Structure formats: structure tokens, C-alpha cells
Amino acid sequence: MNLNTDMTVNRITDEIWEIPMSEKPGMLVPARIYATEGILQAMDSGVFDQVTNVACLPGIRRYALCMPDGHWGYGFPIGGVAAFDVQDGVISPGGVGYDINCGMRLIRTDLTLADVQPYLEKLMTELFRKVPAGVGASGFVRLSREDFGRVMTHGAKWCVERGYGWHRDLVRMEEGGCIEGADPSIVTDHALQRGINQLGTLGSGNHYLEVQVVSNERIFDPVTAAALGITGHEQIVVMVHCGSRGFGHQVASDYLKVFEKAMRRYGITVKDQQLACAPFRSPEGQDYFSAMNCAANTAFANRQVITHQIREAFATVFGRSAEALGMELVYDVAHNIAKVERYAEGELVVHRKGATRAFGPGSPELPETFRQTGQPVICGGSMETGSYLLVGTDQAVRDTFGSTMHGAGRTMSRAQAKRTVRGEQLQLQMKKRGIVVKAVSMSGLAEEAGLAYKNISEVVESVARAGIIRKVLELRPIGNIKG
DNA sequence: ATGTGC
């Protein structure tokens, strides 16, 4: 087997690979990578280096994990999962990522492809107008400092109370769209200033809003699909990928600085400065956790306001209310977050960075709505290929701290993609293939070309065979809004 | 990801 590492990588099963503790001095647990052999061989050397660095962090339990969409990231690999004991373990901003509570949202409709096709251009124009996108974009919601504080503490709940969306949306979000223990007083003024005008904005990079169609022949589990509101027949859905924008970015930057100093104070050494961390129980650790939760709630709120704007755009174009169009939320799930969860080892701080929670039907944490199906997992592919709706399993809870993959995962750097693809040409080609793209930046569009990403079907297949999700259905894009 | 640099 030809891998991009000199380390010993042992095959545990066809989809689970383990790097033993003997491969790097200081490893406290083995590292495990979930991937088919093909995907493992394509993984960059950074994944092997970084996942074994994570395995050296104080208080880590069981394994440092990486999902099949994994690639090199800041300190931790993107696709990384690591759980630390709440008593003797650490919390690390690099294990969450700069975009705190970057996540996915899926909205169903009663519309079909035939209903939407004649109005697709008009719909995408209206969505592009109603959902501000691009670096530094401001939203339509004007907030006082007090109100922004409530967004930080109440998340999507604040939005719903202000008329941005429906009360029944809340049950269809991880944590009900509102994480407890967010204290706005420990957020810097700088972060507040950056975030206060960005509610309801998409952002840039790989963030997008996509109109998709359910491929009838690609419904793998019709019973679960129906339970989640998707019955097929070329049904139209809307997917949103975005996070906490400048606010979360500033929170991450602020605490990385704090943690670099704190590490010296607590005598913690790490393999890479980007793994800066602090004991979870320390004042610094608790402050970051609280500030991170402020950003996480802001991201839930951001996706909630965007949902409101999407519903308005559809209502305008189709001349019926969003309720009449059946625009119910399917689910909203984070893929950049740290959370305290209980496992066999006790209470752990589970870091998921480019990894999605995937609780199975047996999880008492899940609301009644999902106790039969398991928790929905939304995986966005590249804008040229498909996306997936999956559900978590009880095996994921046992094997991977209730975690799975989050998307296709890059194979090509942004710079390389820009050298290979021209945005204008890509937009034209996609139009010919029936995908209408509205983009703020043409170079940004080129960076997100499908050829820069792994084959999402193979990535999904890895985790399906490993038993840490069940496949529900695949979605195909027909319209995309990009920052 | 990001007022895409301290």
C-alpha cells in the first residue's frame, strides 16, 4: 500500500486504519482514520502528522480520530474528532476551527423540479438578493449590543421570537439551536464589533446556499426519508452551509492568543503551536468554552435568519406563503464545535472539526422526533456533484464518540484550483449542465470547482460500511449561491 | 474560514 507517510498504518477493518502509539513519542492513544483503502492512499501527509499530534494532547481518551473527508488543517486535521476528559483533559480552539459552529441546514419544500425549472433563474436572482454573501458582507438585521448579547445566549430561539422563522423549527436543530452556558461578557469588543452586522449573511470560501433536487433513484431508505419529510418524485430542497462569520473568527483568534500564554502557565507542551490548548477546567478553558458557545449560538441564529430570507424569496417567486410551500426545516447540524457529552469513559469534551455529530436512535439526547430515525446528518458535496442526507447510528456513539464525516473534503489547494479552473468558464459549463450559479467572486468560484474535491459518494461509502451512519438519500444541485 | 497581513 502506497501512503503519503512513513508511519506504520495497520488495517483494523476495510474502513478503519490505526497508527499505533509506538509511531510517535508522546502519543497517549492510537490514531484511527476512517477511510476506504483508496481514500486513505489519497490522503495528504498532513493528516497522518496532525492526527498523531492530537493523540499526544493531555487527557485524550481512546483514539484521535480522522474521518474519510479529512485533510490538513490548522493544528487538528479537518475531519478530526478528539475527546478529552473534563477533569484532566484540555480544550483547544484548533480542534474546533476558526469558523465556530460552521454547519449545515436542510429545508424541504412541496415543490418539484417541474415547478421550479421555469422560474429557476428568477429564484436564484431573488435568493442572491435576499441572502447577502461574500467577505465582509453585512446583513439586513440591525442589532443593538443588548440584542446581539441575546443572540449569543439564545441562538436560533432569539430569531424565532423575533419572527425569523417558526417555533417548530427549533426541535429540528442540534441542541434546539441554543446551547446553554454562553456568557457574552467574556467576548471581546473587537469580536462583537465584527459580528454585530453580520446576522443572516452567507460568507465566502466553501460557504453556499444550494437549491437541490432529490434524485428519485437515489433514495436508499424511503421509510427514513419520508419520516424526515422527503418523499421523492424530484422534490426540491434547499441546503445551507455557513457559520459564525467574522464573530466566530475573532473569538477563535482572541483565545488562541490567550491559550499560548496559558500553556506556559500550565506547563503544557504540544507538538505544534497550532494545537494551543488549556485545561478544560481552567479559567482560560472555561472562558473559551463559553465564548465558543456564544459564537455557536450566533451561527445557529445566522442560519435561522438565512432560512427566513430563503422562505421569503420562495414566497415572492412562487406567489404562495412559505408555509403553503411546505418549507419545513429538516435539520440543522454543526460540524465545527466542542461539546461535553457522556460516554463509557465519563464526561468528555468532544471536539468535532469538520466532523458531524451522528447520534443513533438509542440516544436519550435526541428529541422524540428523531428517536425512530436517528439524528439527521447533512453532508454537502462540491457544488458540481451531489450532497447526502444520512442518519447517525448507535454504533457511531460506541465507536467514534457519536461522530461522522461532514462533506467531500478537498484534494486540491485553493491556489491550485484557481490555476486549473477559470470561474467564468466553470459558471458557463455548469449552466449547460442545468446548474445556475450566482457568485460574488469568480476566483472564489474557481476555488470551489468539483475537481478540487474528493468523490463524496466514496467518502460516504467509507462511513456507511464502517457502520457509523446509515445512508438515506442523495441530492443533486440545480442552483447555487456563493460568496 | 476570515475586514484573506502584525
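Residue numbers start from 1 in every chain, and the chains themselves are labelled A, B, ... in the order their sequence lines are given, proteins ahead of strands. Everything numeric in this text was worked out from a predicted model, so none of it was measured.
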request  = Verify the neighbour count for atom CZ of A/Arg414: are there more than 12 heavy atoms of other residues, nucleotides or ligands below 6.0 Å?
outcome  = yes

Please give, in whole Å, the distance from [N] [atom2] to [X] [atom1]?
| X | N | atom1 | atom2 | value |
| --- | --- | --- | --- | --- |
| A/Asp254 | B/dC6 | CG | P | 14 Å |
| A/Lys257 | B/dG5 | NZ | P | 15 Å |
| A/His249 | B/dG5 | NE2 | C1' | 11 Å |
| A/Asp99 | B/dT2 | CG | P | 6 Å |
| A/Glu448 | B/dT4 | CD | P | 18 Å |
| A/Tyr74 | B/dT2 | OH | C1' | 13 Å |
| A/Asn197 | B/dT2 | CG | C1' | 17 Å |
| A/Leu256 | B/dG5 | CG | P | 17 Å |

Look at all strands and tell whether [X] reaches a base, only sugar-phosphate, or nothing, counting heavy atoms closer than 4.0 Å.
| X | result |
| --- | --- |
| A/Glu447 | nothing |
| A/Gly248 | nothing |
| A/His190 | base |
| A/Gly205 | sugar-phosphate |

task = Go through the structure and list residues passing side-chain hydrogen bond (donor to acceptor under 3.5 Å, both in side chains) with A/Glu312, not counting sequence neighbours.
result = A/His308

Those residues that, when tested against A/Gln309, pass side-chain hydrogen bond (donor to acceptor under 3.5 Å, both in side chains) (two or more places apart) = none

task = Determine: side-chain N/O of A/Ser204 to OP1/OP2 of B/dT2, distance under 4.0 Å, yes or no.
result = yes

task = Answer yes or no: is there a side-chain heavy-atom contact under 4.5 Å between A/Val330 and A/Ile107?
result = no

